[in-house]
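Both counts, for ligands and for their atoms, begin at 1 and track the order of listing.
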Amino acid sequence: MAAQAEYSPGLAGVVAGVSTISDIDIEKSRLIYRGYDVHDIAEQGCFEEAAYLLLLGKLPNRRELDDFKKQLANERSVPDYVYEVMARVPKNAHPMDQLKVGVAALAASDPDYDVDPLNHAANVRKAIRLTAKMGNLVANGWRLAHGDPVVQPHPELDTAANFLYMLRGEKPDEYVAKSIDTSLVLYAEHGYNASTFCARVTVSAVSDIYSGIASAIGTLKGRLHGGANEKAMEMLIEIGTPENAEPYIRGKLERKELIMGFGHREYRISDSRAGIMGEMGKELGRRLGNTKWGDIADICERIMKEEKGLFPNVDFPAAYTYFLLDIPIPLYTPIFAVSRITGWSAHIIEQLDNNRIIRPKCIYEGESLRPYPPLDQR
Ligand SMILES: CC(C)(COP(=O)(O)OP(=O)(O)OC[C@H]1O[C@@H](n2cnc3c(N)ncnc32)[C@H](O)[C@@H]1OP(=O)(O)O)[C@@H](O)C(=O)NCCC(=O)NCCS
């Protein structure tokens, strides 16, 4: 019975490891990547800086950042056989399932494929390759699923702009690329969330980074995790008008239904990422002359605060920001993965650098030991 008292459903509040990658300051609702407030990186930096910080442990100086960007540009292309495999996935597949296939197929083409998973330097190289290729897999995966030809990555564009370029075949406006870049900074890392923990569990058996990432993609797809940004947008579309927002949310709450894009296991007052993203989404709406989604969001936020004391998480404003940028809804969670590849990889590297297989206990509540009846006596 002692073990039962220690059990915490959903592992809420359970310490499952030690990490130097990110911290959540619950009192101040701050997310910190290796000592730096994500707010500062989002406002003054870029996704590549966040990626360098997460993967290599320090902020890059100007020369290091330039070199890192060149390295990513050199690693962005994907072998043709990977596109062929992805193209064969049934067209009704969610892009996250297609992405999982792409990452799994990519593994054997990595020049370090045969290197032991415990090799730190090879893991960093693999992580950089994956970071470079994720946007390509998502953008061209979408194109393949729609019968469009692959667009090769642009050698001079960074991750966010390149993603949009490959998706649409043309260079994006600067503010559009900046909006996606900011979302990538905010989505990059978040401690022992479900997908990251899943990646750590997978590699703790001394499996490779590609296997860890494929597991993480499957986890991120879930609607309580990364999938929430797509569900939040579907909900906003269903709401349709600011007038409908209050009765819609109240109706859902009365029926004890979840409001997607609200709540968080760790934060208690707010999700600071949602603040940055929300300001950006609303500014984007003003710029595009379409403030409807921001207006609906404000009403949802007010009712959720009044009724449940809950606040939006980053997925809520990310949803209407992406919608304003005309990004297809099924790509919202894959874009999250294009960013979170950095956090996942940093955790995988950290796990393998100081590994012990993750193998928790469970409480057995099944039948007591009983005699095994022969087949013809059952
Ligand atoms: C994020 C989430 C999974 C955290 O789950 P959790 O820590 O296990 O929290 P719980 O599900 O125990 O929620 C605690 C209470 O708040 C309520 N609650 C939490 N999130 C809610 C939401 N989005 N809408 C309505 N009620 C919510 C729960 O119903 C529960 O109420 P109760 O105590 O009356 O039963 C949860 O808030 C959620 O499902 N949110 C919607 C999905 C989402 O946006 N996910 C993205 C997370 S970044």
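Scanning all protein heavy atoms for the shortest distance to atom 22 (C) of ligand 1 gives L258 CD2, 3.5 Å. What sits closest to atom 27 (C) of ligand 1 on the protein, heavy atoms only, is L310 CD1, 3.4 Å. Among protein heavy atoms, the minimum distance from atom 8 (O) of ligand 1 is reached at R265 NH2, 3.2 Å. Here the protein heavy atom with the shortest distance to atom 38 (C) of ligand 1 is F262 O, 4.0 Å. In terms of protein heavy-atom proximity, atom 42 (C) of ligand 1 is closest to M260 CE, 3.6 Å. At the top of the distance list for atom 45 (N) of ligand 1, counting protein heavy atoms only, stands L224 O, 2.9 Å. Of the protein's non-hydrogen atoms, I259 N, 2.9 Å is the one closest to atom 24 (N) of ligand 1.
Judged by distance alone, the side chains of Q152 and S77 never bring a donor and an acceptor atom under 3.5 Å apart. Between the side chains of E189 and T342, not a single donor N or O lies within less than 3.5 Å of an accepting N or O. Judged purely by distance below 3.5 Å, without hydrogens or angles, the side chains of N162 and H154 never pair a donor atom with an acceptor atom. With 3.5 Å as the limit, one finds a donor-acceptor pair spanning the side chains of Y322 and S183. Using a 3.5 Å distance cut-off with no hydrogens or angles, the side chains of T333 and N229 do pair a donor with an acceptor.
Closer than 4.0 Å to atom 48 (S) of ligand 1 lies at least one heavy atom of the protein. Distance remark: protein heavy atom not present below 4.0 angstrom from atom 2 (C) of ligand 1. In this structure, atom 18 (N) of ligand 1 is in close contact with the protein, since a protein heavy atom lies within 4.0 Å of it. Per-atom contact check: atom 40 (N) of ligand 1 touches the protein, criterion being a heavy-atom distance below 4.0 Å. Of the protein's heavy atoms, none falls inside 4.0 Å of atom 5 (O) of ligand 1. Using a 4.0 Å threshold on non-hydrogen atoms, atom 12 (O) of ligand 1 does not count as touching the protein.
Around atom 31 (O) of ligand 1, the closest heavy atom drawn from K231, E266, K308 belongs to K308.
Interface of D315 with ligand 1, defined as ligand atoms under 4.0 Å from a residue heavy atom, comprises 46 (C), 48 (S). Against a heavy-atom cut-off of under 4.0 Å, A228 is close to the following atoms of ligand 1: 43 (C), 44 (O), 45 (N), 46 (C). Near G261, with a cut-off below 4.0 Å to any heavy atom, the atoms of ligand 1 are 43 (C), 44 (O). With ligand atoms numbered from 1 in the order given, ligand 1 contributes 1 (C), 37 (O), 48 (S) to contacts under 4.0 Å with heavy atoms of H264. The H225 neighbourhood of ligand 1 comprises atoms 46 (C), with distances under 4.0 Å to a heavy atom of that residue.
Checking only distances, N313 does come within under 3.5 Å of ligand 1, N or O to N or O.
In this structure, R200 is not positioned above the aromatic face of Y192 in the sense of NZ or CZ being under 6.0 Å from the six-membered ring centre and within 45° of the axis. Cation-pi geometry between R378 and Y372 is satisfied (NZ or CZ under 6.0 Å from the ring centre, within 45° of the ring normal).
Taking the six-membered ring for Trp and thresholds of 30 and 60 degrees, H146 and W142 have ring planes inclined between 30 and 60 degrees apart. Ring-plane geometry between F336 and Y187 is classed as parallel, the angle between the planes falling under 30 degrees on a 0 to 90 degree scale with a further cut at 60.
With respect to the salt-bridge test (charged N to carboxylate O, under 4.0 angstrom), the residues K178 and E174 do not qualify.
Side-chain atoms of R129 and R125, non-hydrogen and from C-beta on, do get closer than 4.5 Å to each other.
There is a path of hydrophobic side-chain contacts, each under 4.5 Å, that joins M280 to F311.
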